Number of protein chains: 2
Amino acid sequence: MPKDPVTRNDVAMYAGVSTAVVSYVVNEGPRRVAPETRDKVLEAIRVLGYRPNATARALRMGTTRTFGLITPDGGNPLFAELAKAIDKEASARGYVVLQTGADGDPATEQAKIAELLARQVSGLLLVAPTDDPDLTDVDIPVIAINRVLRAASSVSPQYRAGAARGVEHLINHGHRRIGLVIGHSRRTPDRELGWRDALEQAGLEEGPIARTSFSRQGGYDAGRELLDQVPTAIFASSDLQAVGVLRAIHEAGLRVPEDIAVLAFDGTAETEYSWPPLSVVRQPLERMAHEAVTRLIDGQDAVEAVTYPTELILRRSCGC
Amino acid sequence: MPKDPVTRNDVAMYAGVSTAVVSYVVNEGPRRVAPETRDKVLEAIRVLGYRPNATARALRMGTTRTFGLITPDGGNPLFAELAKAIDKEASARGYVVLQTGADGDPATEQAKIAELLARQVSGLLLVAPTDDPDLTDVDIPVIAINRVLRAASSVSPQYRAGAARGVEHLINHGHRRIGLVIGHSRRTPDRELGWRDALEQAGLEEGPIARTSFSRQGGYDAGRELLDQVPTAIFASSDLQAVGVLRAIHEAGLRVPEDIAVLAFDGTAETEYSWPPLSVVRQPLERMAHEAVTRLIDGQDAVEAVTYPTELILRRSCGC
DNA sequence: TTGAAAGCGGTACCAT
DNA sequence: ATGGTACCGCTTTCAA
């Protein structure tokens, strides 16, 4: 017997007041209520086990206090950690997040955007990296994370400076031939530019480059490819790739960091327990999540790209 | 100028029909509409860029087609992969999922349940492992995953049989002293029972046990503890723990699997690229997600605990 | 085949 | 301080 839900009407009836008063009590406004009336209502709410219907409220108020979050792949640890940070940030402000994956497919992402819009989300978080979706007639705030959109503000780590800082560290260890594992992409990725910056700065010539997917398998393939060109260090543009590189190196019977050093961009938890533990350039996920959520709520109008400094975390893989 | 949203009223007006007809067209029912009227409406929808308001629909229909998913920690790869599978399953059926983390804290979980109920989710997915939450006056279907609840059905891997199968495999490799890394818990966990089953079955005496948290750090601590008792193989009750164990072993200068073999329960992607790659008892996450979502939608009444067979995946860490 | 209208559960203005 | 009530956008019955 699924007893139908208690509504504000039941409460009003039980407490012998009008529905308006119940509303005033529940929301602590916008009108004052006499203390004793208030107590009657509270009592009725308690006894009846009343829970306001957020759907009705959303309809009336025109806001669901819900964010939509679309990542290319929920299974990717980086996005999982990002999502966790966003959830935490949203929860703290009474929001809730509809999270979904787009399989790294632009068409799917576009469809998911439509679905979330239909559900009246109050803001949209779009995480890297797919093509620019069509955002015309999206009438809610949108923030891009780890990607830059023409039509929306974005929040990202300082890819270029962070990568440069990491590679520079490798150079300080004495490495002169530093390979790069990077993702495919239309324009030159900032992490690649950062790697170049550091090499140039040190007067070093460019090391070997392997372009591959952002995955462990991709890193593995790239690692094998790079090993043929005997670099003494490898900078991977993502944790996943670095983990794959590590495997390729181990299989080749080489030691890290003695024979070859490795440093990765991202800094997810997995890197702390890889073998050896990976030195990383860590994305400030918490700060990024905080900023993204804040912007969504405050609804800034100007389109701007905000970036945050990364953190260099030294572990064993670089030789430290 | 954030032009306010197009409603069904605008469409009706533009097409010169009533709102009812618009509804019939959009939902392809419950009444038939003359083809030409239909075309007019479709045209109006297209021109105006109308998108039905799912919130209003939900209020009227009494269902949001939304699931609530609460995990102890969204950053845990196992839960991230589970969430991904659930998202996929839900999407395919036109549902969407509100995902949130409870920090492994019962009180937080209880609060999140209330929040999701207020938001009228159509079903609730509660993932391991915290205390039994209070589910009285929860009037929607609830499915527990990887945990058993008094008041709701559950979907889990066959922990005991799967663990036994894994340990048995270790025994077949010739191991006679097999340690166990397991989580803390009130009652004896099924994975521990499975480990015992296999040892008993083979007439072996019990190996050393280390009880710790379900984390990489926990596994590391447990690994160090176990190494003092010189087992020749270790069965870890989760991937995370196994990864920690691996680190402890490497630091001790031992080789896997030559000096000590390792096998883990879970089978997340991370294990495929650890060093060496971990042999695992894999949870059938996709099947579990499918079953959980199906049950939520079909709204079975009986409380039952469904379990699914695991898969033994052999890689290098066991000696294969 | 189509239209009018009631009602889903709240909110908040306008009266009293 | 409190009550009555219109309205948020949509679905569906009832009448035409």
Side-chain angles (χ1 to χ4, degrees), chain A residues 2-42 44-45 48-66 94 117-122 139-140, chain B residues 3-42 44-45 48-66 117-122 139-140:
Chain A
K3 56 184 184 307
D4 30 24
V6 179
T7 75
R8 170 219 54 180
N9 238 302
D10 303 323
V11 175
M13 194 133 290
Y14 186 97
V17 300
S18 79
T19 60
V21 172
V22 177
S23 191
Y24 299 152
V25 171
V26 170
N27 305 318
E28 302 185 332
R31 299 239 102 68
R32 291 192 47 78
V33 172
E36 58 182 279
T37 311
R38 183 187 145 80
D39 287 345
K40 275 194 305 192
V41 173
L42 257 15
I45 289 178
L48 266 26
Y50 168 69
R51 268 191 320 257
N53 181 325
T55 300
R57 181 166 214 274
L59 175 58
R60 176 64 224 230
M61 305 288 273
T63 170
T64 54
R65 293 183 78 85
T66 298
L117 286 178
R119 286 169 181 275
Q120 311 294 114
V121 294
S122 313
D139 43 4
I140 55 169
Chain B
K3 58 184 183 311
D4 31 25
V6 179
T7 76
R8 169 221 53 179
N9 235 303
D10 303 323
V11 175
M13 194 132 288
Y14 186 98
V17 302
S18 79
T19 60
V21 173
V22 177
S23 192
Y24 299 153
V25 171
V26 170
N27 304 319
E28 302 184 333
R31 299 241 102 67
R32 292 192 48 79
V33 173
E36 58 182 279
T37 311
R38 184 187 146 79
D39 287 347
K40 274 194 306 192
V41 173
L42 256 18
I45 289 177
L48 267 25
Y50 168 70
R51 269 192 319 259
N53 181 325
T55 299
R57 182 168 215 275
L59 176 58
R60 174 63 221 231
M61 304 289 273
T63 170
T64 54
R65 294 181 78 85
T66 299
L117 286 178
R119 286 169 182 275
Q120 311 293 115
V121 293
S122 314
D139 43 5
I140 55 169

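Just so it is clear, the structure is predicted and the values come from calculations on it, not from any experiment. In what follows, chains carry the letters A, B, and so on, assigned in the order in which the sequence lines appear, proteins first and then strands, with residues in each chain numbered from 1.
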- Query: Looking at Arg31(A), Arg32(A), Arg38(A), which hits side chain to side chain contact (heavy atoms under 4.5 Å, CB included) with Tyr24(A)?
  - Reply: Arg31(A)

- Query: For Arg51(A) and Thr19(B), take the nucleotide of DNA chain C holding the closest heavy atom to each; which residue's nucleotide lies nearer the 5' end?
  - Reply: Thr19(B)

- For Val26(A), report the nucleic acid contact type (base, sugar-phosphate, nothing); a contact means any heavy atom under 4.0 Å. nothing

- Query: Is the phosphate of dC10(D), meaning OP1 or OP2, less than 4.0 Å from a side-chain N or O of Tyr24(B)?
  - Reply: no

- Message: Tell me the closest heavy-atom pair linking Leu59(A) and Leu59(B), and the distance in Å.
- Response: CD2-CD2, 3.3 Å

- Note on the structure: On a heavy-atom basis, the closest approach of Ala15(B) and Ala44(B) is CB-CB, 3.9 Å

- With a non-hydrogen cut-off below 4.0 angstrom, is Ala34(A) in contact with a base, only sugar-phosphate, or nothing? sugar-phosphate

- Over how many whole Å does the gap from Ile45(A) atom CD1 to dG9(C) atom P extend? 16 Å

- Message: Arg8(B) and side chain to side chain contact (heavy atoms under 4.5 Å, CB included): which single residue from Val26(B), Val21(B), Ile45(B), Thr19(B) fits?
- Response: Thr19(B)

- Query: Rounded to the nearest Å, what distance is computed from the CE atom of residue Met61(A) to the P atom of nucleotide dC8(C)?
  - Reply: 21 Å

- Item | Minimum side-chain heavy-atom gap Lys40(B)-Val25(B) below 4.5 Å | no

- Query: Rounded to whole angstrom units, what separation is found between the CG atom of Asn27(A) and the P atom of dG10(C)?
  - Reply: 10 Å

- So do the side chains of Thr37(A) and Val17(A) get within less than 4.5 Å of each other, counting heavy atoms only? yes

- Message: Measuring to OP1 and OP2 of dG9(C), would you say a side-chain N or O of Thr7(A) lies under 4.0 angstrom away?
- Response: no

- Note on the structure: The answer to which of Pro52(B) and Arg32(A) contacts DNA chain D further toward the 5' end, by nearest nucleotide, is Arg32(A)

- Comparing nearest nucleotides in DNA chain C, the 5'-proximal residue of the pair Arg38(B), Arg8(B) is Arg38(B)

- Query: Is the shortest heavy-atom distance from the side chain of Arg119(B) to the side chain of Thr66(B) under 4.5 Å?
  - Reply: no

- Ignoring hydrogens and angles, answer whether the base of dT12(D) and the side-chain atoms of Ser23(B) contain a donor-acceptor pair closer than 3.5 Å. no

- Query: For Asn9(A) and dG10(C), is the shortest distance between a side-chain N/O and OP1 or OP2 below 4.0 Å?
  - Reply: no

- Item | Phosphate OP1/OP2 of dT12(D): any Arg60(B) side-chain N/O under 4.0 Å | no

- Message: To check you understand the geometry: which heavy-atom pair defines the closest contact between Thr64(B) and Ser122(B), and what is its length?
- Response: OG1-OG, 3.3 Å

- Testing dA12(C), dG9(D), dT12(D) for proximity to the side chain of Ala56(B), the answer is dG9(D)

- Between P of dG9(C) and CG of Leu48(A), the distance in whole Å: 14 Å

- From CD of Gln120(B) across to P of dG9(C) the rounded distance in Å is 9 Å

- Message: Report for the helix from dT1(C)-dA16(D) to dT16(C)-dA1(D): angle between first-end and last-end helix axes, five pairs each, rounded to 10 degrees.
- Response: 50°

- Item | Rounded interatomic separation in angstrom, taking CD from Glu28(A) and P from dA12(C) | 14 Å

- Base, sugar-phosphate, or nothing: which does Val17(A) touch, judged by heavy atoms less than 4.0 Å apart? sugar-phosphate

- Between CG of Leu59(B) and P of dT12(D) the distance, given in whole Å, is 13 Å

- Once you round it to whole Å, what is the distance between C1' of dG3(C) and CZ of Arg31(B)? 12 Å

